[in-house]
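Bear in mind that the values here come from a model prediction, so they are computed numbers and not experimental data. The residues of the chain are indexed from 1 along the displayed sequence.
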Amino acid sequence: MAIEHRRGVIVLALVASFMVFVDGTIVHLTLAQLASHLGASRAELEWAVNAYTLAFAAVMLGAGAITDTLGARRAFVAGLLVFTVSSAACAAAPTMAVLNGARLVQGVGAALLLPSALVLATAAANDEHARHRLVGWWSAAGGVGMAAGPLLGGALVAVADWHTVFGVNVLIGVPAVIWSVRSMPAVARGERRLDVAGLVTATLLIGGLVFTLIEAPVQGLPSTPVVTAMVLGVAGLAGFVLATRATDTSRAPAGRARRMPVVPTALYRDRVFVVTAAQGALFNLAFYGLLFAMSLMLQQGRGLGALSSGLLFLPLTGLIAVANLCAARLTRRFGRPAVVGAAQALLAGTFLLVAWAGTAEELWPLVLALVPAGFGSGLLVPSMTSQAIATVGPELHGAASAAFNTARQVGGAVGVATFGPLLGTAQGLRDGFVVCVLACAAAVAVGLLLTPLTRERARAAMAAATT
């Protein structure tokens, strides 16, 4: 691959990472206006966030397999098209039902984009350290998206209205589609066939699970939608296990590629990967739950405007991109488990400070407490991502990225679904916010307790990479 093509591919991958993550945070600053303009209930506001997360998580595993079997370029272009068109539908939505439906489709596009973008970004890497550096850039682009989301969303809502918030993706997506179709070179794809049965059953499993986690606290277990989702999830689990076993034991005829499991056995049998995925889920539970709780607490609890609320997110999200770029150097010096553990310890302690700051009448204690929280979050994401994909060879990086990010998205959905009821009514949002942040600290602390399980293998891998 020529140098100019490598740079172009990396830039497109970074743009995709920015778009996916900016859309994960930008919507939070539209919630108050959606409630007033479209008469959205608390449950509908949760779905404005979680419809994206649900589809993102449900399709992510299949998207990783598609990336590895059909090629990162095809998956990337398809994801970019779906994401851009659905963003336009969100911007034009006349009701919450239409908006949340478009958000579901948008999540499908994001799921196709994320693993293919990571594979594209790391395709130019010559060794483990170069790969980790590119993962850092890719994560930094997502961090910039996280940082820009609340501020950009608050500014757009203040200057125009919520429609323009979703229109931003169209302005970025249209030229990105044209650029990718015209100039993106093909990236080598795997030699195995796609496991369609595994893809469908994995989507049912994750979709049913996430829907149940979101709606069970609201509707209760006896409700028809929740029971239906549980049945689909169980059926998806059974079908996924059978499809994976059949794929692993199958032998293709001579000259034909074997089918590739949606989740290769090399992943779920690897202790380091499983632990890292669990840590990613716990982190997203805390981080996205905090974004949801903080948005409603500032706007509905303290009566702040969208732009002011967006500015108050900057101490949290603005430090993420900075820490993303520092992560590669720190992990090279101290090792990934040490960086992951230190970042989790910093986050757990910081969330306790954020909980205390949430009880103060002034806002400056909250601003100061959010600074280390942003830096710790920025260290965690690229370090965990690199640790997850390092467990397998380059031909399975799409599957590893997808499985890891699926775990993260499930965690994020659980966070938003759990924190919605914990926040309580509009009159008690401050007290509810404190309870939510304490739950964030507990989630990150559990992740910290898991870190020793990754140390021995990670140290050996880092030592091998330096020899």
Check: Among all residues two or more places apart in sequence or in another chain, which pass the side-chain hydrogen bond (donor to acceptor under 3.5 Å, both in side chains) test with T406?
Finding: none
For [X] against [Y], the heavy-atom pair lying closest together:
X	Y	value
T164	L156	OG1-CB, 3.5 Å
R302	G358	NH2-O, 3.6 Å
A343	G376	CB-O, 3.6 Å
A72	V119	CB-CG1, 3.9 Å

Note to self: Treating S295 as the side-chain partner and L291 as the backbone partner, does any N or O pair qualify as donor plus acceptor under 3.5 Å?
What the structure shows: no
Margin query: Quick check against the 3.5 Å criterion: does R336 have a side-chain atom that pairs as donor or acceptor with the backbone of T331?
Written below: no
Margin query: Within the 3.5 Å criterion, strictly below it, is a donor on Q299 or S309 matched to an acceptor on the partner's side chain?
Written below: no
Would a 4.5 Å heavy-atom cut-off, applied to side chains only, mark [X] and [Y] as touching?
X	Y	result
F292	T418	no
P337	Q387	yes
V339	R333	no
V354	M294	no

Next item on the list: Scan residues 43-74 for pairs that pass ring pair (Phe, Tyr, Trp, His ring centres under 6.0 Å), counting only residues two or more places apart or in two chains.
Entry: W47-F211, Y52-F56
Next item on the list: List in chain and number order the residues that pass salt bridge (charged side-chain N to carboxylate O under 4.0 Å, His left out) with E361, two or more places apart in sequence or in another chain; answer none if no residue qualifies.
Entry: R430
